[in-house]
Amino acid sequence: MRLLFSSSPYPIPTLFRLARSHRPVCSSPPPPTWRSSNPMAILPKSSAAAVIPSEERLATRFWIKYRRESVLSLYSPFALCLASGSLKIDTFRHYIAQDVHFLKAFAHAYELAEDCADDDDAKLAISELRKGILEELKMHNSFAQEWGSDCVNESPVNSATLKYTEFLLATASGKVEGLKAPGKLATPFEKTKIAAYTLGAMTPCMRLYAFLGKEFQRLLEPNEHNHPYKKWIENYSSESFQASALQTEDLLDKLSVPLTGEELNIIEKLYHQAMKLEIEFFYSQPLTQPTIAPLTKQHDPEQDHLMIFSDFDLTCTVVDSSAILAEIAIVTAPKPDQNQPASQIARMSSAELRNTWGLLSTQYTEEYEQCIESILPSEKVEFNYETLHKALEQLSDFEKRANSRVIESGVLKGLNLEDIKRAGQRLILQDGCISYFQKITKNKSLNANIHVLSYCWCGDLIRTAFSSGGVDVLNIHANEFNYEESISTGEIVWKVQSPIDKIQAFNDILQDCSNERKKLSVYIGDSVGDLLCLVKADIGIVIGSSSSLRKVGSQYGVSFVPLFPGLVKKQKEFGEGAGPCIWKGQSGILYTASSWDDIHAFILGW
C-alpha cells in the first residue's frame, strides 16, 4: 500500500477517472513575471497580448508543451560544459562562429517580418527587436577581438546551422505550407500572416536563450570572477535580454489575434520545429573533452554493464496502482440483490468494499505517519548506510502488517484478469516515461539491463501498462495475484513488500550479473520505500516531491541535489581520461529530477 492511496480526498473510482484525464502539471520554469522599466512601450496599449493571462498566451502554452526540447538543450554536452566553465575555448570559438551565421539570418528574418507587418506599432516593435540582435552580434564580435582571430571566416557553416537558417529565412520569405507564394499575397492581411509565422519560428530561440541564461546564472558563485563564459551568461540572463524574449512573445500574441485555428496550428508546428533545430544546433558543437552527459556516451557495452532500475507506482504512474485495483474491485462487485453462483469466489458488495477500503486506508495513513515519526532520529545524523538500513527494517514490518490486513479483509477476491489488463492499458504514465523506456530498450547497442522493482500487488497491471506503450522487454519484479481460472482468489504471491525486499532484489540482480564487467547502476524512485536502493545505486534519481522521503533521507544525512546543478558540478570534476568511476554508490547524495524529460536528457541525450 502507499500513502497517496490512503490519503486521497477522492472516492476510489473518482481517483481512477481523474487519472484517465489528468496529465501532471509541467514543471518547466514559469515565464518571467517581472518587466523591465517599460518593455511594452513599443506595443500599443490596446494590444491583445497585454491583457491575455500569461497561462493562456500562445507562446507560454507552446513553451510548456515543448518543455522536453528545452530540457534536451539544457542537458546537451555543450551547455553542461559551458555552464561549468570547463568548455574548451576552441569549441566556444566554433559555437560563436556558428551563432554569428545564425544571428545574421535572424536579423534578416526580422527585416522581412517588419516588411510584412501592416501595423506601425508592430513594425516598430520588430525593428527594436532587430536592433537587439545587432547588439548581440556586437558582443560576439567582441569575443573574436579578444581572441585576435576571425573565427567566423575560419569556421564554415555546419549542417545544423545551415538547416536552421534555411528554415528561418524560408519562413520569413513566406515559404510556409498552406500559404500562397509570396508574389501572390494580394492583401495586407495575407502578408501579416507571414510576420506572425516568422515570429512563431523566432520566439522559441529567444525564450530558450533567456531560459538557459537564467539557469546558468543561478549556478554562478556570488564572487565568481574567473568563469571564462561569465560575460555570455550575464548577457542572456540580463533583464534587457529577458525583456526582449518577453517582448517577442507579446508580439507573437498580438500578430496571432486575427488568425484562424488552422493558422495557429501552423505557428505551433513552426515553433516546435524551431525548438528541435535548436537541439540539433547545440548537439552539433564539436567537443574534444569528456562529458558527464549523456551518461550512455561513456558506456562501453563490451566492457560495462549498464543497470537501470525503476520503481513503478508514482515514479512511472500518475496514480498509485492500489487505487486502480480498488476501483476494479468496487465497480465489478455484485449488486446487493444479485445472487452469486456457488461455483464462484464469494465477493462483497460494492458498498461493503467501499467501506472496507476506507477503513483500511484510514488505518494505513495513521499508522504510516506514526511509523515514519518513530524511525526518525531526534537530531540529524551523518549518512551511514547500515544505520539507515536498520531504521527501515521497522518500516518493512509495518508494510507487511498492512498487506496482511488487506488479504484478511478479502477486498481483492474475484477480480477478473481481463479487467486488470484493460485497466493497465488505460493507465496514465508520467509524461516522458514511456518514451524513455522505448528509446533505451530499442537501442540494442547499449545492451542495458532494465528492471522495475515495485510494491504493486499485481505484476500483470505493470506488464500491461508497459506493453500497451510498446515496451515488452522490461524485467518486472513485483507481487503477483493468485488466480483460479483468471479470477483472483484474494491471495497474493509476495515478492516485494518492503524497503528491505526491494534492496534484497536490487542486490540479487547486481550479484547475478557477470563480474567480468564494470557495473554502473541507476535507480529511479519517489518514496521512502525506494530509499535504500536509491543510495546504494551508483546514481540515485528522485522524481516527484515526497515529503516523507525528504524528511527521512535528510535526518539520516542524505543530500538531495537538483539534477542539472549536480551535473554541472560533476562536469567541473570530470577531467581528461575520467571514466564511469566518477559515479559511486553509497555517497549519500541523491539527485532530484522534476520530470522524466530530465532523466531522459541526462541518461540518453538527444
> Asn443 side chain to Ile440 main-chain N or O, any donor-acceptor pair under 3.5 Å?
Replying inline: no
>> Run the side chain to side chain contact (heavy atoms under 4.5 Å, CB included) test on Asn482 and Ile492 for me, step by step, so that the C-alpha distance in whole Å, both residues' side-chain angles and the decisive distance to 0.1 Å come before the verdict.
In response: CA-CA 6 Å; Asn482 195 337; Ile492 292 177; over 6 Å; no
> Any chance the side chains of Asn507 and Gln511 put a donor and an acceptor closer than 3.5 Å?
Replying inline: no
> Would you say Glu69's side chain and Met275's backbone share a donor-acceptor pair under 3.5 angstrom?
Replying inline: no
> When you look at NZ of Lys413, are more than 12 heavy atoms from neighbouring residues, nucleotides or ligands closer to it than 6.0 Å?
Replying inline: no
> Closest heavy-atom contact between Ile503 and Tyr385?
Replying inline: CG1-OH, 3.2 Å
> Would a 4.5 Å heavy-atom cut-off, applied to side chains only, mark Tyr523 and Leu453 as touching?
Replying inline: yes
> Can the ring centres of Tyr283 and Phe78 be said to be less than 6.0 Å apart?
Replying inline: no
>> Could you tell me if the side chain of Trp596 sits less than 4.5 Å from the side chain of Ile434, heavy atoms only?
In response: no
> side-chain hydrogen bond (donor to acceptor under 3.5 Å, both in side chains) between Arg422 and Ser468: does it pass, once the steps are laid out?
Replying inline: CA-CA 10 Å; Arg422 278 193 288 271; Ser468 65; over 6 Å; no
> Yes or no on side chain to side chain contact (heavy atoms under 4.5 Å, CB included) for Leu520 and Met307, after CA distance, side-chain angles and deciding distance?
Replying inline: CA-CA 6 Å; Leu520 179 63; Met307 312 290 293; over 6 Å; no
> Between Glu327 and Arg354, does at least one N-O distance fall below 4.0 Å, as a salt bridge requires?
Replying inline: no
> Does NZ in Lys269 sit with more than 12 non-hydrogen atoms of other residues, nucleotides or ligands closer than 6.0 Å?
Replying inline: no
> Are the side chains of Asp313 and Ser454 in touch, meaning some heavy atoms are under 4.5 Å apart?
Replying inline: yes
>> Suppose we screen for ring-ring contact (aromatic ring centres under 6.0 Å, His included). Which residues come up paired with His451, at least two apart in sequence or across chains?
In response: Phe309, His477
> Heavy-atom distance under 4.5 Å between the side chains of Leu392 and Leu531, does that happen here?
Replying inline: yes
>> Evaluate Asp598 against Tyr75 for side-chain hydrogen bond (donor to acceptor under 3.5 Å, both in side chains), listing each step before the verdict.
In response: CA-CA 8 Å; Asp598 298 75; Tyr75 283 81; 3.1 Å; yes
> With distance as the sole test, does Thr296 use its side chain to make a donor-acceptor pair with the main-chain N or O of Ile603 at under 3.5 Å?
Replying inline: yes
>> Can a donor-acceptor pair be found, under 3.5 Å and without considering hydrogens, that links the side chain of Arg347 to the backbone of Ala329?
In response: yes
> Taking Ser76 for the side chain and Phe282 for the main chain, is one N or O donor matched with an acceptor at less than 3.5 Å?
Replying inline: no
> Would you call Lys502 and Asp311 a salt bridge, using N to O less than 4.0 angstrom?
Replying inline: yes
>> So does Cys316 get a backbone contact from the side chain of Gln430, meaning a donor-acceptor N/O pair under 3.5 Å?
In response: no
>> Does any part of the side chain of His389, heavy atoms only, come nearer than 4.5 Å to the side chain of Glu393, both counted from C-beta?
In response: yes
> Is the Phe62 ring parallel, tilted or perpendicular to the Tyr66 ring (thresholds 30°, 60°)?
Replying inline: tilted
> Ile541 and side chain to side chain contact (heavy atoms under 4.5 Å, CB included): which partner among Thr315, Val522, Thr592, Leu590?
Replying inline: Val522
> Of the non-hydrogen atoms in Thr464 and Lys421, which two are nearest, and what is the gap between them?
Replying inline: CG2-O, 3.0 Å
> After noting the C-alpha distance and the side-chain angles of Thr317 and Ile428, does the key distance pass the side chain to side chain contact (heavy atoms under 4.5 Å, CB included) rule?
Replying inline: CA-CA 6 Å; Thr317 68; Ile428 302 297; over 6 Å; no
>> Under 4.0 Å between a side-chain nitrogen and a carboxylate oxygen: does that hold for Asp397 and Lys400?
In response: no
> If every non-hydrogen atom of Gln394 is compared with every non-hydrogen atom of Cys371, which pair is closest and at what distance?
Replying inline: O-SG, 4.0 Å
> Quick one: are the ring centres of Phe211 and Trp63 less than 6.0 Å apart?
Replying inline: yes
>> Any non-hydrogen side-chain atom of His299 less than 4.5 Å from a side-chain atom of Leu446?
In response: yes
>> One thing to verify: whether Lys551 and Glu373 come together as a salt bridge, which I'm taking to mean a side-chain N less than 4.0 angstrom from a carboxylate O.
In response: yes
>> If you define the side chain from C-beta out and look only at heavy atoms, does anything of Asp431 sit under 4.5 Å from Ser595?
In response: no
> So how far is it from Leu277 CG to Leu270 CG, rounded to the nearest 0.5 Å?
Replying inline: 10.5 Å
> Can you tell me if Glu366 uses its side chain to pair, donor with acceptor, with the backbone of Gln363 under 3.5 Å?
Replying inline: no
>> Run Phe602 and Tyr436 through ring pair (Phe, Tyr, Trp, His ring centres under 6.0 Å) and show every step you take.
In response: CA-CA 11 Å; Phe602 164 46; Tyr436 166 80; over 10 Å; no
> Between CH2 of Trp457 and CD1 of Ile407, what distance do you get to the nearest 0.5 Å?
Replying inline: 8.0 Å
> For residues Asn479 and Tyr455, is any side-chain donor paired with an opposing acceptor at under 3.5 Å?
Replying inline: no
>> To the nearest 0.5 Å, what is the distance between CD1 on Ile524 and OG on Ser310?
In response: 5.0 Å
>> Let's go through Glu399 and Asn403 carefully: what are the C-alpha distance in whole Å and the side-chain angles of both, what is the deciding distance for side-chain hydrogen bond (donor to acceptor under 3.5 Å, both in side chains) to 0.1 Å, and is it a yes or a no?
In response: CA-CA 6 Å; Glu399 292 286 3; Asn403 283 332; 5.2 Å; no
> Once you round to the nearest 0.5 Å, how far does CE of Met348 lie from CD1 of Ile330?
Replying inline: 10.5 Å
> Can any side-chain N or O of Gln586 pair as donor or acceptor with the backbone N or O of Val535 at less than 3.5 Å?
Replying inline: no
>> To check you understand the geometry: which heavy-atom pair defines the closest contact between Phe560 and Pro562, and what is its length?
In response: O-CD, 4.0 Å
> Does Lys276 count as lying over the ring of Trp606, i.e. NZ or CZ under 6.0 Å from the six-ring centre, within 45 degrees of the axis?
Replying inline: no
> Do you know the tightest heavy-atom contact between Leu429 and Ala465?
Replying inline: CD1-O, 4.4 Å
>> Are Ile420 and Leu415 packed together at the side-chain level, in the sense that at least one heavy-atom pair is separated by less than 4.5 angstrom?
In response: yes
> From Leu549 CG over to Asp530 CG, what is the distance, rounded to the nearest 0.5 angstrom?
Replying inline: 7.5 Å
> Quick check: does any side chain N or O of Thr362 sit under 3.5 Å from a backbone N or O of Leu359, one acting as donor and the other as acceptor?
Replying inline: no
>> Treating Glu215 as the side-chain partner and Phe564 as the backbone partner, does any N or O pair qualify as donor plus acceptor under 3.5 Å?
In response: no
> Which atoms form the tightest heavy-atom contact between Gly605 and Leu72, and what is the distance?
Replying inline: O-CD2, 3.5 Å
> Distance from Ser527 atom OG to Leu534 atom CG, nearest 0.5 Å?
Replying inline: 8.0 Å
>> Working note: Asp526 + Ser546, criterion side-chain hydrogen bond (donor to acceptor under 3.5 Å, both in side chains); need CA distance, chi angles, decisive distance, verdict.
In response: CA-CA 7 Å; Asp526 76 293; Ser546 167; 5.9 Å; no
>> Strictly below 4.0 Å, N to O, side chains only: are Glu367 and Arg401 in salt-bridge contact?
In response: no
